[in-house]
K.L.:
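Below you'll find the structure I mean.
What you see is a predicted model, and the numbers here were worked out from it, not measured in a lab. The chain is numbered in sequence order, starting from 1. Hydrogens, waters and symmetry mates are skipped; everything else that's a heavy atom, side chains included, is used.
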Amino acid sequence: MNSLAVLVEGETEQAFVRKQLAGHLVTFGVQAFAIPPGKQGRLRGVRKWAGTQTDLERLLKRPGTFVTTMFDFYGMPIDWPGRSEAGKLKHGKRAESVEQAVAKQIQQVMGDKFNQRRFIPYVQLHEFEALMFASPKVLADTLAPLSVMSAETLARYFTGVLEEAGAPEWINDSYDTCPSRRITSVVQSYRKPAQGSIVTERIGLPKLREQCKHFASWIEKLEAIGTVES
């Protein structure tokens, strides 16, 4: 069984890996575990590139360990490889462009003998909450007890947000219209660490993959690790 370290942005992503991703990947011969940023694994958020590169190098030096990331483009410091250039691209190309630049940088740092298949960078275009819009109904049903609005009213609102964007991963990333503020505008007591992974767990990976294509591509690559020699 191959080992996979997932360098995550924060507590919600860590919970997602622990509660959903790890259990799914183990059936493909992959043992996944989440690693928060920093040497002691105590930091939160997307670090500047120098710090992230150090984290990735440390993980990739572990014999036989595959490494991936789970960060969002929106909160990413401008010094990341490809970040500045990607901001000029269309929404659908931004995350993938940074992933390619990061993969190239890590290949250069690790040297010619490095097996590049051991590193699978993943960048979400927007924050974790975007995935939660894969099912407006589940999102509404889960958060309704925290809101003065009914589940039906919340579902209509969340459906409208999704239809306006065209896909969960494309929901607007401005300060006032990012996914998390779309939610807190109608559910003021929403707290990402407490409810975020609960919503995606109830939605389930099949629905997340159906509605979130870039996310689905990442999961497919992680599943394939089980057949790769490290």
K.L.:
Is Leu208 reachable from Leu222 through a run of I, L, V, M, F, W or Y residues, each pair having side-chain heavy atoms under 4.5 Å apart?
P.N.:
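Yes, Leu222 connects to Leu208 through the hydrophobic network.
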
K.L.:
Please determine whether side-chain contact (heavy atoms from CB on, under 4.5 Å) holds for the pair Val102 and Phe119, giving the CA-CA distance in whole Å, both sets of side-chain angles, and the decisive distance to 0.1 Å.
P.N.:
CA-CA 10 Å; Val102 166; Phe119 179 50; 3.7 Å; yes

K.L.:
Side-chain contact, heavy-atom cut-off 4.5 Å: Glu57 with Val109?
P.N.:
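Touching, per the 4.5 Å side-chain cut-off.
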
K.L.:
Would you say the side-chain atoms of Thr65 pair up with the backbone N or O of Lys61, donor to acceptor, closer than 3.5 Å?
P.N.:
no

K.L.:
Would you say Leu162 and Leu131 are hydrophobically clustered, going by side-chain heavy atoms of ILVMFWY under 4.5 Å?
P.N.:
no

K.L.:
Might you point out which heavy atoms bring Ala95 and Leu125 nearest each other, and give the distance in Å?
P.N.:
CB-N, 4.1 Å

K.L.:
Between the side chain of Ser147 and the main-chain N/O of Ala144, is any donor-acceptor distance below 3.5 Å?
P.N.:
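Looks like no, no N/O pair under 3.5 Å.
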
K.L.:
For the pair Asn2 (side chain) and Val30 (backbone), establish whether a donor and an acceptor sit closer than 3.5 Å, ignoring hydrogens and angles.
P.N.:
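No.
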
K.L.:
With hydrophobic residues grouped by side-chain heavy-atom distances under 4.5 Å, do Met149 and Leu143 end up in a single group?
P.N.:
yes

K.L.:
Taking CD in Gln188 as the centre, count heavy atoms belonging to other residues, nucleotides or ligands within less than 6.0 Å. Is the count above 12?
P.N.:
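Yes.
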
K.L.:
Quick one: do the Ser150 and Thr153 side chains pair a donor with an acceptor below 3.5 Å?
P.N.:
yes

K.L.:
Taking side chain as C-beta onward, heavy atoms only, is Gln105 less than 4.5 Å from Gln53?
P.N.:
yes

K.L.:
Given the rule in the side-chain contact (heavy atoms from CB on, under 4.5 Å) test, do Met70 and Gln14 qualify, once you have shown the distances and angles that lead to the verdict?
P.N.:
CA-CA 9 Å; Met70 193 175 187; Gln14 187 174 14; over 6 Å; no

K.L.:
Okay, side chain of Ser217, backbone of His214: is any donor-acceptor separation there less than 3.5 Å?
P.N.:
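A pair under 3.5 Å: no.
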
K.L.:
Work out which heavy atom in Ala140 is nearest to a heavy atom in Ala155; give both atom names and the distance.
P.N.:
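That would be CB-N, 3.4 Å.
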
K.L.:
I'd like to know if Glu85 and Lys93 make a salt bridge, using a cut-off of under 4.0 Å between side-chain N and carboxylate O.
P.N.:
no

K.L.:
Would you say the side-chain atoms of Glu129 pair up with the backbone N or O of Gly196, donor to acceptor, closer than 3.5 Å?
P.N.:
no

K.L.:
With heavy-atom distances below 4.5 Å as the criterion, would you say the side chains of Val67 and Leu56 are in contact?
P.N.:
yes

K.L.:
Determine, stepwise, if the pair Leu59 / Ile35 fulfils side-chain contact (heavy atoms from CB on, under 4.5 Å).
P.N.:
CA-CA 9 Å; Leu59 293 172; Ile35 301 289; 4.2 Å; yes

K.L.:
State, with a plain yes or no, whether a side-chain heavy atom of Ile106 is found less than 4.5 Å away from one of Gln116.
P.N.:
no

K.L.:
Is the backbone of Gly38 close enough, under 3.5 Å, to the side chain of Asp55 for a donor and an acceptor to pair up by distance?
P.N.:
yes

K.L.:
Cation over ring, Arg117 on Phe66, under 6.0 Å and within 45°?
P.N.:
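That pair does not qualify as a cation-pi contact.
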
K.L.:
Does the side-chain contact (heavy atoms from CB on, under 4.5 Å) test come out yes or no for Arg191 and Gln195, once each step is laid out?
P.N.:
CA-CA 6 Å; Arg191 296 294 180 269; Gln195 288 95 33; 3.8 Å; yes

K.L.:
Between Phe71 and Pro37, which heavy-atom pair has the shortest distance, and what is it?
P.N.:
CE2-CG, 4.4 Å

K.L.:
Applying salt bridge (Lys or Arg N to Asp or Glu O under 4.0 Å) to Glu210 and Lys207, what does each step give before you reach the verdict?
P.N.:
CA-CA 5 Å; Glu210 175 189 321; Lys207 186 68 173 180; 3.6 Å; yes

K.L.:
Taking atom CZ of Arg94 and atom OH of Tyr74, what is their separation to the nearest 0.5 Å?
P.N.:
11.5 Å

K.L.:
For the backbone of Arg47 and the side chain of Trp80, can you confirm whether one donor and one acceptor N or O come within less than 3.5 Å of each other?
P.N.:
yes

K.L.:
Under the criterion salt bridge (Lys or Arg N to Asp or Glu O under 4.0 Å), I'd like the reasoning laid out for Arg182 against Glu164: C-alpha separation, chi angles, the key distance, then a yes or no.
P.N.:
CA-CA 12 Å; Arg182 298 275 196 170; Glu164 179 185 5; 3.6 Å; yes

K.L.:
Rounded to the nearest 0.5 Å, how far apart are CD1 of Ile203 and SG of Cys212?
P.N.:
8.0 Å

K.L.:
Classify the side-chain pair Ser180/Tyr190 by whether it contains a donor and acceptor separated by less than 3.5 Å.
P.N.:
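Note: Ser180 and Tyr190 side chains miss the donor-acceptor criterion.
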
K.L.:
State whether Asp79 and Arg83 are salt-bridged, where the test is any N-O pair (Lys NZ or Arg NE/NH1/NH2 against Asp/Glu carboxylate O) under 4.0 Å.
P.N.:
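Result for this pair is no, no salt bridge flagged.
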
K.L.:
Calculate, to the nearest 0.5 Å, the distance between atoms CZ and CG belonging to Phe33 and Leu25 respectively.
P.N.:
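Reported value, rounded in 0.5 Å steps: 12.5 Å.
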
K.L.:
So, for Thr69 and Trp218, which heavy atoms are closest and what is the spacing to 0.1 Å?
P.N.:
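Shortest heavy-atom contact: O-CZ2, 3.8 Å.
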
K.L.:
Please report the closest heavy-atom contact between Ile78 and Ser84, naming both atoms and the distance.
P.N.:
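Distance-wise, the nearest heavy atoms are CD1-CA, 3.8 Å.
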
K.L.:
Determine the sole option in Pro36, Pro193, Ser197 for which the side chain to side chain contact (heavy atoms under 4.5 Å, CB included) test with Glu11 is passed.
P.N.:
Pro193

K.L.:
Without swapping roles, check the side chain of Thr12 against the backbone of Lys192 for a donor-acceptor pair under 3.5 Å.
P.N.:
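At least one qualifying donor-acceptor pair exists.
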
K.L.:
Nearest 0.5 Å, please: how far is CE in Met1 from CZ in Phe28?
P.N.:
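The CE atom of Met1 is 12.0 Å from CZ of Phe28, to the nearest 0.5 Å.
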
K.L.:
In the structure I gave you, are the side-chain heavy atoms of Phe128 and Glu9 within less than 4.5 Å of one another anywhere?
P.N.:
no

K.L.:
Grouping I, L, V, M, F, W and Y whenever their side-chain heavy atoms are under 4.5 Å apart, do Val138 and Ile198 come out in a common cluster?
P.N.:
no

K.L.:
Has Thr27 got a side-chain atom pairing as donor or acceptor with His24's backbone, closer than 3.5 angstrom?
P.N.:
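Confirmed, Thr27 side chain pairs with His24 backbone.
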
K.L.:
Identify the heavy atoms of Ala34 and Val8 that sit nearest to each other, and give their distance.
P.N.:
CB-CG1, 4.1 Å

K.L.:
Tell me whether the rings of Phe133 and Phe158 are parallel (<30°), tilted (30 to 60°) or perpendicular (>60°).
P.N.:
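Aromatic pair Phe133/Phe158 classed perpendicular.
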
K.L.:
Looking at CD of Glu223 and CG of Leu4, how far apart are the two atoms once the value is rounded to the nearest 0.5 Å?
P.N.:
12.0 Å

K.L.:
Are any non-hydrogen side-chain atoms of Phe114 and Gln107 less than 4.5 angstrom apart?
P.N.:
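Side-chain contact under 4.5 Å: yes.
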
K.L.:
Could you tell me if the side chain of Phe215 sits less than 4.5 Å from the side chain of Leu205, heavy atoms only?
P.N.:
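They are in side-chain contact.
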
K.L.:
Rounded to the nearest 0.5 Å, how far does NE2 of His126 lie from CD of Glu169?
P.N.:
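Separation between the atoms: 9.0 Å.
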
K.L.:
For the residue pair Pro81 and Val98, establish whether any side-chain heavy-atom pair is separated by less than 4.5 Å.
P.N.:
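Not in contact.
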
K.L.:
Take a 6.0 Å sphere around CD of Gln20 and say whether it holds more than 12 heavy atoms from other residues, nucleotides or ligands.
P.N.:
yes

K.L.:
For the pair Thr68 (side chain) and Ile120 (backbone), establish whether a donor and an acceptor sit closer than 3.5 Å, ignoring hydrogens and angles.
P.N.:
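Such a contact is found between Thr68 side chain and Ile120 backbone.
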
